[in-house]
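Whatever order the structure lists them in is the order used to number ligands and atoms, beginning at 1. All residue numbers refer to positions in the sequence shown, counting from 1.
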Amino acid sequence: MTHARTTGVDQTRALGAAVATLAHPGDLLLLAGDLGAGKTAFTQGFARGLGVTERVVSPTFTLARQYEGTKLTLHHLDVYRLDHLQEAIDLGLSELIDDDSGVTLIEWGDVVIPTLPADFVEIRIAYGYEDDERLFSVHPVGNRWSARRHALDEVLSPWQGAA
Ligand code: ADP
Ligand code: MG
């Protein structure tokens, strides 16, 4: 588990872009945290890091969006609504994740953990003490990511310390 802290939405986007430099095809990242924590902001930066130029918007009402990056395709899901969770499963979440040209980010993804292979990074975002402060807990689960644990620490290091 690694901790990081940002002060402002641009820093969260930069953090997302930094994590994206480690992304491999077939990766899964789960974003947890209350409404307004910064899950979509993180995703926007992550998308930029994959070379997506299209604007990334919240998929809250559409369940899933797909963005073509120069490096990888991004599947962006938001399973906040319970029926979305069921839809995501029906849609074949595991096939999305297996996509060998893509990486999958799921907002409120902690609720889908029981339905997924135990190989993902869970990123929890909490509000900090100050308005623009967000605290990140980054938790790699499974073999895919444990091999990248040190690299992950490295890319997060600019935002470590004060948290
Ligand atoms: P979520 O997807 O978790 O509901 P969003 O990314 O849509 O959250 O919204 C985050 C909101 O919080 C935005 O309005 C953003 O400007 C604001 N904000 C303030 N500080 C931060 C920060 N450090 N990181 C991310 N967002 C921040
Ligand atoms: Mg969101």
Problem - From Arg5, Arg134, Gln11, residue fulfilling side chain to side chain contact (heavy atoms under 4.5 Å, CB included) relative to Trp159 - result: Gln11
Any [X] heavy atom less than 4.0 Å to ligand 1:
| X | answer |
| --- | --- |
| Ile125 | no |
| Gly8 | yes |
| Gly36 | yes |

Exercise for the section: Tell me which N, O or S atom of Glu107 sits nearest to the Mg ion (ligand 2). Expected result: OE1
Please classify the [X] to ligand 1 contact at 4.0 Å (heavy-atom distances, strictly less than): side chain, backbone, both or neither.
| X | answer |
| --- | --- |
| Thr12 | side chain |
| Gln11 | neither |
| Leu31 | neither |

Handout entry: Asp34/Arg124 salt bridge by N-O under 4.0 Å criterion
Key = no
Problem - Presence of N, O or S from Thr43 under 2.8 Å of the Mg ion (ligand 2) - result: no
Handout entry: Leu35-ligand 1 polar pair, N/O distance under 3.5 Å
Key = no
Problem - Closest candidate by heavy atom, reference atom 16 (O) of ligand 1, pool Val9, Thr40, Asp132 - result: Val9
Problem - Per-atom contact, atom 22 (C) of ligand 1, protein heavy atoms, under 4.0 angstrom - result: yes
Exercise for the section: Can you confirm whether something in the protein, heavy atoms only, sits under 4.0 Å from atom 14 (O) of ligand 1? Expected result: no
